[in-house]
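Let me begin by presenting the structure, written as structure tokens, before commenting on it.
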Amino acid sequence: MISDNPIADFRSECGALLKRAIEKVCPGETPERVIFERPPVWEYGQLASSICFELARKLGEKPINLAGRLVEAADKSVFPLVEDVVAAGGGYINFHINFANFSRLTLESVRQLDNDYGSVKVDKPLKIIVEHTSVNPLHPIHIGQARNPVLGDSLARMLKHRGHTVYCHYYVDDVGRQTAVVAYGYDKLGRPAPAEKPDHFIGKIYTITSCLVEIKRLKRELERTKTTSDDEQTARLNRELDEWVGIAFELRSKYPELFEKLLQGIEKDTDPEKSINQLNRAYENGEKDAKQLIREVSRLCLGGFMETLKRAGVFHDSWDWESDLVWSGMVSAILEELKQTPFTQRLGGVLEFDAEKAVNMLGIREKLGLKKDYAVPSLTLVRADGTTLYTTRDIAYTLWKFKKADKCVNVIGMEQSLAQLQLKIALYALGFHRQADNLVHFAYNLVTLPGYKMSSRRGRYISFDEVMDEAVKRAYEEVSKRSPQMPEEDKIRVAEIVGIGAVRYALVEVDPAKPVEFNWDRVINFEKNSGPYIQYTHARACSILRKAGKKPEKPAYELLKERLEREIVLALADLPQVCIEAAELLKPSLIAEYANNLADKFNTFYNAYPVIKAQPPELSDARLALVDAVRIVLRNALDLLGIVAPEKM
RNA sequence: GGGCCCGUGGCCAAGUAUGGAUCAAGGCGCCGGCCUCCGGAGCCGGAGAACGUGGGUUCAAAUCCCACCGGGCCCGCCA
């Protein structure tokens, strides 16, 4: 007999047993649902119920007495997974597992289900779009943003594993001033083919161009303030100018050739600011030249992203261009619909969406969890020059996504919380309640650099590529040191797996709500509580199985009597439950924590007991089955995090 | 000023959704140990905590409620 969720089987036996006992002892008090928890120490069993605390109050009895009577009345003979039921503490009922049966059930289930173990499908699968990464095509993906693809990809894997149909979408934000800036610079250079990884090349152009344009703008403004003689204003502008001149100096020494070329190109333009705005408008209008130029730059950059993401094991099913939404008329159609609602108004030439009014009139304040007297800021939908804003376009994009999916998870930085809220309110305002209800903003906090904030506009960032390079380099040194006999090409392959594993684990292990201060030792950790530690444990298990040179022939599961062995069996049985929780709560960190705990237990076991040489052979076989199950579970858990489990390292 | 998020040993951090039984996990760092035996990226032991502060709810609070303090983010005709 096998089970896709052994611990749930045990729990339902406990539930049935408890219900029957309650019926006998206090008829009419049978609860609909009994909640079980894991007792704090091993001696208290594997599952416990605190139901007597509530029940006893109703009956005017001491909880522990009631627990005693229930245990007395319990008949465990018909429940093969229940070894013992005990009243304990102030009124707990503790359930002990029958390990002879439970170990067999668990180990055989894991080994037979193999890749599928851990996956419990939902009854009603949904079509879910996970939008993630969506880094603007202006510069390489930096480590602050890298949290996004890693989280998004793991979420997608977890949801698929739950039986949903998942599509990963990348929203290419090619509409907006910033893209025009980089395209403008690229054009001034004569649209060269990059001699390096394209996103890095584009990143340099972006930084230098915005810097030069900014300086030029500030100088012009200073000229203007001279006539007005506003001292405070002049001082402020001078400070800003000083900062940018400093950045320019930095950039010039880092990239002298590129800097000079761009400087020459931009010098000739009397008003770069104006040219950029023109380009932006032309692109939004779908004019041929602008389209050609901006698409070319964006595609170059995305090519670099694809390389980076592929290396990290992150995949997308669809690349959605924001500009397509504008050109196809979808955005203006939505705007027309919004204008029909009572929530938009013209204010000094711009179109505003009154989110506060919408919240009040639609009565959705409580549903959105907003405080009574919090006034939701209004949202500008259309600029005075007729161009749209990011969130406006996002409304159209979201509705487009909902044509294909029942639910949308947006992996987007916490700093966009307000915009995401306004977006959701706009959906309600348009009458798309089902869509709004199923729109999830999965927010994550920033990764900061010690000392300063990452700023792509100022060229201050550590790229995801650099981090992976460094991690793989260090992993290679480590592999060479520990497995000098390994063939060179294996070393290279393994170093790649281990280095990337370290980075992915580090980014997914911490609660995404918390800000993370970047440091190399955190991201490239090969010791306990790291991706490589779990990978190592997996390789160790593989090694034992290799050395054993045989399958477990006649395992006697009842011989697994050591507490550690039983703790491992229990941990193995937990995987399906952990996967369910992690997917429902959108918490990849639960998987990471789980795998790390299992690895800890396994290493302790490994150190304490022989497997191959254990006597009698039936025990050795049972332990081999245990090792095999650990191998499978670690591999499956790592897979949900997008981390490869090597057999040797 | 308003909103959201975070606050747990020297440092990093789990646990907070669904309040419970013990020494409040674990890691880094520090101190002391480990097999000529299945991989030492490991294992064992030790020291180290007012769970930001103050109230409240409860038989029971790191967990729920209120106030306050500290940090981050947001409140743009940027994205």
Side-chain angles (χ1 to χ4, degrees), chain A residues 35 37 39-41 43-44 48 50 53 56-57 62-63 88-92 94 134 136 138 173 175-179 322 347-352 369-371 373-377 379-391 393-394 412-419 421 443 445-446 448 475 478-479 481-483 498 509-511 513-517 519 521-522 525-530 532-537 539-548 581 584-585 587 589-590 593 596-597 599-600 603-614 623-624 627 648-649:
Chain A
I35 292 171
E37 57 200 277
V41 291
E43 288 71 21
Y44 296 168
S50 57
F53 290 93
R57 189 165 24 177
K62 273 197 165 178
Y92 287 91
N94 293 336
S134 304
N136 297 352
L138 308 167
D173 178 22
V175 182
R177 223 189 80 96
Q178 300 174 84
T179 330
E322 197 177 6
L347 267 179
V350 305
L351 187 69
E352 289 277 321
L370 303 173
K371 287 205 173 170
D373 28 16
Y374 170 62
V376 186
L379 172 73
T380 303
L381 295 166
V382 183
R383 290 189 188 94
D385 71 356
T387 56
T388 54
L389 284 107
Y390 174 79
T391 308
R393 301 185 295 262
D394 206 4
I412 295 178
M414 209 190 68
E415 72 279 5
Q416 289 198 44
S417 295
L418 176 60
L421 174 68
N445 216 316
L446 301 169
T448 55
E478 206 68 19
V479 174
K481 198 163 70 194
R482 293 170 199 282
S483 309
V498 170
E509 170 235 8
V510 188
D511 180 350
K514 296 192 183 193
V516 169
E517 182 163 299
N519 93 49
D521 291 334
R522 177 209 286 276
N525 175 20
F526 295 161
E527 295 180 8
K528 290 195 68 163
N529 193 17
S530 73
Y533 172 67
I534 300 165
Q535 290 172 317
Y536 173 75
T537 310
R540 224 178 191 186
C542 290
S543 172
I544 296 175
L545 296 166
R546 244 191 335 264
K547 292 250 161 66
E581 251 182 68
E584 303 302 317
L585 302 174
K587 277 188 158 185
S589 63
L590 293 181
E593 192 193 352
N596 188 57
N597 281 337
D600 274 344
N603 283 316
T604 304
F605 162 80
Y606 173 89
N607 210 261
Y609 306 104
V611 174
I612 297 169
K613 292 181 181 170
R623 284 185 177 161
L624 271 177
V627 173
K648 291 181 184 173
M649 63 188 272

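So that the names make sense, note that chain A is the first sequence line, chain B the second, and so on, each numbered from 1. Since we're looking at a predicted model, the values are computed, not measured.
Closest to the A:P40 side chain, of the nucleotides B:U22, B:G42, B:C4, is B:U22. The nucleotide whose nearest atom lies closest to any side-chain atom of A:K547 is, among B:G15, B:C38, B:C28, B:C38. Comparing atom distances between the A:K648 side chain and each of B:A21, B:C77, B:G39 picks out B:G39 as nearest. Each of B:C38, B:G39, B:A21 was ranked by its minimum atom distance to the side chain of A:Y92; first place goes to B:A21. With distances taken from any side-chain atom of A:Y606 to the nucleotides B:C77, B:C4, B:G40, the minimum falls on B:G40. When the nucleotides B:C73, B:A14, B:C77 are ranked by their closest atom to the side chain of A:D511, B:A14 comes out on top. Listed candidates were B:U16, B:G7, B:C44. Nearest to the side chain of A:T604 is B:C44. You'll find that the side chain of A:P39 is closest to B:A21, out of B:A21, B:C75, B:C38. Of the candidates B:G39, B:C5, B:G20, the closest approach to any side-chain atom of A:R540 belongs to B:G39. The listed nucleotides are B:A13, B:C77, B:C38; the one nearest the side chain of A:V611 is B:C38.
Within 3.5 Å, no donor on the side chain of A:N529 pairs with an acceptor on the base of B:A13, nor the reverse.
Counting only heavy atoms from C-beta outward, the side chains of A:V611 and A:K547 never approach each other to under 4.5 Å. Looking at heavy atoms from C-beta onward, A:R623 lies out of side-chain contact with A:I544 at the 4.5 angstrom threshold. Counting heavy atoms from C-beta on, the side chains of A:E509 and A:N596 never come closer than 4.5 Å.
Stacking here means ring centres nearer than 5.5 Å and ring planes tilted less than 30 degrees, and by that measure A:Y44 stacks onto B:A21.
The two atoms that bring A:Y92 and A:S50 nearest to each other are CE2-CB, 3.8 Å, heavy atoms only.
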Could you run down the sub-3.5 Å N/O contacts of the protein with nucleotides 29-32 of chain B?
none

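For the pair A:K514 and B:G7, the criterion of a side-chain N or O lying under 4.0 Å from OP1 or OP2 is met. Under 4.0 angstrom from either OP1 or OP2 of B:C78 there lies at least one side-chain N or O belonging to A:R383.
The CD atom of A:E322 lies 7.5 Å from the OG1 atom of A:T388; values are rounded to the nearest 0.5 Å.
Nucleotides B:G70 and B:G33 are separated by 42 Å at their C1' atoms, to the nearest Å. B:U22 and B:C30 have their P atoms separated by 34 Å, with the value rounded to a whole Å.
Distance, A:Q416 CD to B:C4 C1': 14 Å, rounded to whole Å. Put simply, CG on A:L590 is 14 Å from C1' on B:U18, counting in whole angstrom units.
For RNA chain B, if you chain together Watson-Crick or G-U pairs that step i with j, i+1 with j-1 and so on, the runs of at least three with distances under 3.5 Å are B:1-7 with B:69-75, B:10-12 with B:26-28, B:30-34 with B:42-46, B:52-56 with B:64-68.
Residue A:E322 is classed as having no contact, given no heavy-atom separation below 4.0 Å to the nucleic acid.
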